[in-house]
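Treat the numbers as computed from the prediction; the structure is a model and nothing was measured.
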Amino acid sequence: MPSHRPWTDRELATLAELAETFVRGDSLRRSRLAADAVDRAGDPAQVAQLRLVLRLMESRFANLLLAGRATSFRHMSPEARESYVLGWGRSRLASRRSAFHGLRKLMTFLAYADPGVPGPNPRLAAIGYRKDDPPVATDLTPIQPVRPAFEAGSADQPMTLEADVVIVGSGAGGGVVAAELAKAGRSVVVLEAGPFVDEASMPTDELDAFGRLYLNHGLLSTWDGAVTMLGGSGVGGGTLVNWMTCIAAPESVRAEWRTAHGIPDMVGKAWDDDVRTTETELGVDETAPTPPKDAVILRGAAGLGWDAGPVRRNATGCDDCGSCPFGCRRGSKQSGIRVHLAEAARHGARIVPRVRVTRVIIDKGRAVGVEGNALWTDPQTEEPLVDEGSGEPRTRRLVVRARTVVVAAGALRTPAVLASSGLDHPAIGRHLRLHPVPVVAGIFTEPIDMWRGPMQAARSLEFSEPAPGRNGYAIESAPGHPGLLALALPWEGLDAHTEIMSRARRIAPLIAVTRDGGEGETTLTKAGRVRVDYRLDASGVATLRHGLVSMARLSREAGASEIVAVGGAPRWHGRGGFEQGREEASFDRFLKDLASFDFRPNRGSVFSAHQMGTARMGADARDHACDPDGRVRSIFGGRRSTDDVISGLYVADGSLFPTGIGVNPMITIMVLARRVARTILAETER
């Protein structure tokens with residue numbers, strides 16, 4: 001929500017020149033889209049910093065000091081502008097690299113994600129991209145979201161709801177808890193900060209999808225911009241937009257949780273039964289058919305003698321559509337709104353979207369409800385109402401009184417809710433794990449069309465177990481649509497980026513989902529936003545480098561004619577061809593380069609779609625915010641209660657993970673949430 005003065009014409013003009021420098025065309029439109037996106041997603045401090053950067057770029061004196069030329073950015077030639085921004089990207093100053101990569105990713109994404117107005121976007125036709133137009137499901141989800149009574153009573157007084165259980169968040173964890181408790185006869189209210197979107201209203205393009213269904217409108221990153229992240233925001237959370245790869249936490253990880261963190265029943269029948277039940281509910285099965293991008297993994301792994309196999313996913317009757325990241329219009333994805341939230345709704349659960357919970361209400365050491373801000377919407381259209389004075393969306397306080405509170409807002413938002421509630425356990429917000437991901441793109445002579453068909457159909461777990469000096473990782477395909485692809489690929493100049501995007505149909509990106517790799521934390525800014533900080537450690541960097549080498553070998557074995565490891569200073573193999581008999585030696589040099597790839601902040605490109613660990617569970621009360629059953633420990637107002645935990649308060653999402661797991665976390669989150677639900681039922685017998 002904007003909370004500062006409007007953008008000036010001069011600032012927008014500089015943004016437009018930056019847009020034109022990164023990608024030609026529609027620069028005025030992209031400057032306005034960029035300003036709007038930054039306003040909605042950025043912390044006020046970051047927005048102010050960006051605007052300062054724009055002003056400095058137009059200062060001849062500042063440019064003389066920083067770039068050796070006493071010319072404002074807008075008065076430079078196109079060639080000089082390109083040289084200028086490349087200089088920022090290669091700068092020794094971290095702040096300049098951060099600014100370059102933030103602007104570069106935003107402007108290239110908008111250039112290819114925007115469908116065009118009035119449209120269509122000519123760049124999409126130029127690269128051979130054709131989006132899917134899947135049929136809308138005929139059996140829509142049974143969820144009927146609840147609209148609070150905004151018009152009732154005084155606007156200065158909070159609206160109230162009563163329930164046995166209130167659940168904050170509706171993703172993988174919140175959905176499972178809601179279903180289990182509602183089926184057991186509990187009165188359940190689910191509060192979700194994002195919107196409810198049914199199948200008929202799902203986005204059909206990247207720009208709309210990122211704007212409506214992703215955290216921070218798709219502009220989620222660490223504070224320094226070094227790690228680009230994705231997370232869902234809407235009823236269904238990440239289950240609504242994920243790529244559906246279903247892999248439970250490896251046994252070695254669970255054994256570590258049992259021995260190092262004191263969590264029982266991590267290995268054996270109880271765990272296996274919960275996984276089996278969860279997969280049955282989701283209809284998990286092997287993916288078929290195998291699209292070209294995933295055939296790269298199978299073909300390369302077969303040639304190298306590595307493990308590889310089909311991905312198991314939670315989808316039915318779908319093998320041709322690639323619009324999963326936009327939400328599933330045809331209802332094939334067995335997401336939260338199709339499975340657990342739908343089951344909860346059938347048993348009377350009330351699901352209230354667009355409520356940002358600000359705190360858990362704690363009275364005498366017991367959770368008694370939550371308080372938050374509900375977005376005031378039009379009763380007919382459900383569109384947000386805007387305050388005429390400030391121009392900002394109107395909100396009204398909402399209080400839900402319940403004897404059981406479950407916080408399942410995700411590993412970035414859950415610790416913020418707990419901290420804002422007066423809880424000061426030292427582990428809240430700490431121990432953040434991100435599954436850092438490097439990217440290698442193989443370019444082939446035949447069409448790949450990474451955005452077509454099942455999102456991920458194959459994986460290799462050849463390196464899933466740790467080895468001396470590195471962590472484990474899984475190799476998967478990265479089915480980007482044009483906007484995501486454009487921001488991920490290296491930008492070495494306008495023409496170079498245009499040229500590689502022209503070959504988008506023949507690119508097969510691979511990712512290595514690495515287990516751990518460093519540690520981070522979440523904190524609240526002065527404006528009340530969540531700040532994410534994360535730093536790679538030595539083993540994390542070694543793992544990313546090992547992953548680059550493995551993916552390069554796999555791409556080459558599968559027949560890639562060119563290979564690029566993406567980053568601020570990308571590394572290429574095969575660019576421009578080879579002299580006769582020199583390919584082998586060139587590839588050996590390429591692998592050596594990858595083995596020392598620079599992963600300092602905003603030098604090597606790092607991505608992540610998994611956030612974990614910020615309210616981790618474990619037996620040691622000093623360093624685990626939750627106990628092994630998901631109860632929140634009771635350091636509150638500087639005191640520890642004699643009961644050890646806050647009565648009636650639980651966490652049920654990826655925040656509980658004691659460590660990263662090195663594979664897609666949805667199944668593991670759901671299994672842990674099922675365990676938390678059993679604990680709640682046992683402790684609140686009716």
Side-chain angles (χ1 to χ4, degrees), residues 2 4-39 42 44-114 116-117 121-123 126 219 224-225 483 486-487 489-502 568-570 602-603:
H4 48 74
R5 59 183 173 81
W7 290 74
T8 66
D9 290 342
R10 185 171 181 177
E11 289 169 336
L12 290 172
T14 303
L15 274 178
E17 296 298 348
L18 278 165
E20 189 74 14
T21 300
F22 287 114
V23 181
R24 291 187 185 92
D26 58 37
S27 56
L28 288 175
R29 173 173 168 78
R30 273 187 290 145
S31 71
R32 296 187 182 97
L33 287 173
D36 180 61
V38 169
D39 277 347
Q46 292 175 307
V47 176
Q49 186 177 40
L50 171 60
R51 296 174 76 161
L52 174 60
V53 167
L54 296 177
R55 290 195 294 274
L56 288 174
M57 292 176 70
E58 296 305 336
S59 166
R60 290 186 297 173
F61 179 69
N63 283 341
L64 178 63
L65 292 178
L66 296 174
R69 59 186 79 190
T71 309
S72 68
F73 185 76
R74 281 185 294 156
H75 289 95
M76 294 179 188
S77 68
E79 295 77 16
R81 288 187 198 135
E82 183 173 300
S83 176
Y84 181 96
V85 297
L86 282 171
W88 280 55
R90 298 164 182 157
S91 173
R92 291 176 295 176
L93 299 177
S95 59
R96 294 177 72 187
R97 296 197 308 274
S98 177
F100 165 77
H101 286 289
L103 289 164
R104 184 263 306 171
K105 286 184 280 192
L106 178 58
M107 293 306 184
T108 55
F109 171 80
L110 290 173
Y112 288 91
D114 183 5
V117 174
N121 185 338
R123 297 186 192 90
L219 300 184
D224 63 1
L487 75 82
L489 287 173
W491 194 88
E492 299 174 275
L494 186 153
D495 290 336
H497 189 267
T498 301
E499 192 276 333
I500 192 173
M501 283 300 296
S502 73
N602 286 302
R603 292 185 186 270

| Contacts of Ala569 that satisfy side-chain contact (heavy atoms from CB on, under 4.5 Å) - sequence neighbours left out | Arg571
| query | Which value, rounded to the nearest 0.5 Å, describes the distance between Leu15 atom CG and Leu28 atom CG? | reply | 10.5 Å
| said: Nearest 0.5 angstrom please: Leu56 CG to Ser72 OG, how far? | reply: 12.5 Å
| Donor-acceptor contact present, side-chain Asn602 to main-chain Asp224, <3.5 Å | yes
| said: I need the Phe100 CZ to Leu86 CG distance, nearest 0.5 Å. | reply: 5.5 Å
| said: So for atom CG, which belongs to Asp495, do other residues, nucleotides or ligands contribute more than 12 heavy atoms lying within a distance under 6.0 Å? | reply: yes
| Electrostatic pair Arg30-Asp114, nearest N-O below 4.0 angstrom | no
| query | side-chain contact (heavy atoms from CB on, under 4.5 Å) with Ala13: which residues, sequence neighbours excluded? | reply | Arg74
| message | A side-chain contact here means heavy atoms from C-beta on lying under 4.5 Å apart; do Leu93 and Trp88 qualify? | response | no
| field | Residue pair Leu103, Val85: steps toward the side-chain contact (heavy atoms from CB on, under 4.5 Å) verdict | value | CA-CA 10 Å; Leu103 289 164; Val85 297; over 6 Å; no
| Does the distance from a Lys or Arg side-chain N to an Asp or Glu carboxylate O, for Arg123 and Asp26, drop under 4.0 Å? | yes
| Between OG of Ser31 and CE of Met107, what distance do you get to the nearest 0.5 Å? | 6.5 Å
| Just how far is it from atom CZ of Phe73 to atom CG of Leu54, taken to the nearest 0.5 Å? | 9.5 Å
| task | Kindly indicate whether a cation-pi arrangement holds for Arg51 with Trp7, taking the cut-offs as under 6.0 Å to the six-membered ring centre and within 45° of the axis. | result | yes
| said: Under a 3.5 Å distance rule, please check whether Ser502 uses its side chain to pair with a backbone N or O of Glu499 as donor and acceptor. | reply: yes
| Side-chain donor/acceptor of Asn121 to backbone N/O of Ala111, under 3.5 Å | yes
| request: Output yes when a side-chain donor or acceptor of Glu11 lies under 3.5 Å from a complementary backbone atom of Arg55, and no otherwise. | output: no
| remark: Contacts of Phe109 meeting ring-ring contact (aromatic ring centres under 6.0 Å, His included) (sequence neighbours excluded), chain-then-number -> Phe210
| Do the numbers put Arg104 on top of the ring of Trp491, so that NZ or CZ is under 6.0 Å from the six-membered ring centre and no more than 45° off the axis? | no
| For Leu106, all residues meeting side-chain contact (heavy atoms from CB on, under 4.5 Å), sequence neighbours excluded | Ala34, Val38, Leu110, Leu219
| query | From Leu494 CG over to Thr498 OG1, what is the distance, rounded to the nearest 0.5 angstrom? | reply | 4.5 Å
| said: According to salt bridge (Lys or Arg N to Asp or Glu O under 4.0 Å), does anything in residues 81-93 pair up with another residue at least two apart or in another chain? List the pairs. | reply: Glu17-Arg81
| remark: Nearest heavy-atom contact between His101 and Gly89 is NE2-O, 4.3 Å
| field | Sequence-distant partners of Ala486, side-chain contact (heavy atoms from CB on, under 4.5 Å), two or more places apart | value | Thr108, Tyr112, His497, Met501
